[in-house]
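Below: the structure, in structure tokens.
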Amino acid sequence: MHATFPQFTQFDPIAGRIEGAPLLERRLSDLRGYFVDQAAYATALAQTDSLLYTVANVEPAQGEGALHYGISCIMPGRVGDEYYMTKGHYHAWRPASEYYIGIRGTGILLLEDEESGECWSTPLIANSGAYVPGHAAHRTVNTGTEPLIFLGIYPYNAGHDYGAIVERNFRHVVVQVEGKPTILPRADYHARRR
Ligand code: PAN
Ligand code: ZN
């Protein structure tokens, strides 16, 4: 059977775009309540509603076995000490896993297993891959000085579930401490600032 979608795709590895794919933009105002330092968030938003990241998804086919994929581009920057990051989500269909391939820049992928509560992280850098297992919340953080660009490949029916993250956020934050990206339990970050 001939596929009805393009068999060959070129990515723009500098801008993080896929030609013809619709571009979703996430700005500071879209991430209200996500950053740990609320005062820094309010100050930043009062200045400008900065672009935090873009996602271009290609969803060529439906049905058992089909794959979707998308390229994400997270800008460099921070809100207070916390680096620019994605909202983060579970897949609506929890067993769906995903594979991330780093194309440009330097970042960290935060993961949390829904049932065990286990938290872990992996680097996300150019020419490397990171596996996101099913049932894991995942958030990507740009800890570098250039855009962080990566490809994500997932089952067509993975879907996004943002609700749980909106409610309780990730247990860890990725913040700049003494000039270096540092992963801290959210509670420890608050305690340090008291
Ligand atoms: C990615 C993410 C993308 C943006 O394509 O959707 O990086 O992150 P948020 O969806 O958390 O805003 C992916 O993991 N898709 O399943
Ligand atoms: Zn995902």
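Quantities reported herein were computed from a predicted structural model and do not represent experimental measurements. Whatever order the structure lists ligands and atoms in, that order sets their numbers, starting from 1.
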Exercise for review: Just go through S72, G152, A96 and tell me whose heavy atom is the nearest to atom 5 (O) of ligand 1.
Suggested key: S72
Can you sort out which atoms of ligand 1 are near [X], meaning under 4.0 Å from one of its heavy atoms?
X: H138; result: 14 (O)
X: H91; result: 16 (O)
X: K87; result: 11 (O), 12 (O)
X: F150; result: 7 (O)
X: V55; result: 3 (C), 4 (C)
X: Y162; result: 9 (P), 10 (O), 11 (O), 12 (O)

Compute whether any side-chain donor of one residue and acceptor of the other, for [X] and [Y], lie under 3.5 angstrom apart.
X: Y69; Y: T9; answer: yes
X: H89; Y: H138; answer: yes
X: N142; Y: Y53; answer: no

Which residue and heavy atom of the protein sit nearest [atom], plus the separation:
atom: atom 2 (C) of ligand 1; answer: H89 CE1, 3.7 Å
atom: atom 15 (N) of ligand 1; answer: E98 OE2, 3.1 Å
atom: atom 6 (O) of ligand 1; answer: H160 NE2, 3.2 Å
atom: atom 12 (O) of ligand 1; answer: Y53 OH, 2.5 Å
atom: atom 1 (C) of ligand 1; answer: Y100 OH, 3.6 Å

Within 6.0 Å of [atom1] in [X], more than 12 heavy atoms from elsewhere:
X: E146; atom1: CD; answer: yes
X: R32; atom1: CZ; answer: no
X: E64; atom1: CD; answer: no

Check your understanding: Is the closest heavy-atom distance from G88 to ligand 1 below 4.0 Å?
Key ->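 For ligand 1, residue contact (heavy atoms, under 4.0 Å) with G88 is present.
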Exercise for review: Give a yes/no verdict on whether any heavy atom in T140 is under 4.0 Å from an atom of ligand 1.
Suggested key: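 No, that is not the case, since the closest heavy atom of the residue is not under 4.0 Å from the ligand.
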Point to revise | Atom of L52, atom of L28 and distance for their closest heavy-atom approach | key: CG-N, 3.8 Å
Practice item. Grab the two heavy atoms, one from I125 and one from S128, that are nearest each other, plus how far apart they are. Key: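 That closest heavy-atom pairing would be O-OG, 2.6 Å.
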Practice item. Have a look at ligand 1 and work out which part of R139, if any, has a heavy atom under 4.0 Å from it: side chain, backbone, both or neither. Key: neither
Point to revise | H138 backbone or side-chain N/O/S under 2.8 Å from the Zn ion (ligand 2) | key: yes
Point to revise | Carboxylate-amine/guanidinium contact K87 D30, below 4.0 Å | key: no
**Study point:** Salt bridge present between E112 and R168 (N-O < 4.0 angstrom)
**Key:** yes
Check your understanding: Which N, O or S atom name in E98 marks its closest approach to the Zn ion (ligand 2)?
Key ->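 It is OE1 of E98.
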Point to revise | R186: side-chain contact (heavy atoms from CB on, under 4.5 Å) partners, not counting sequence neighbours | key: V36, R139, N169, F170, V173, H190
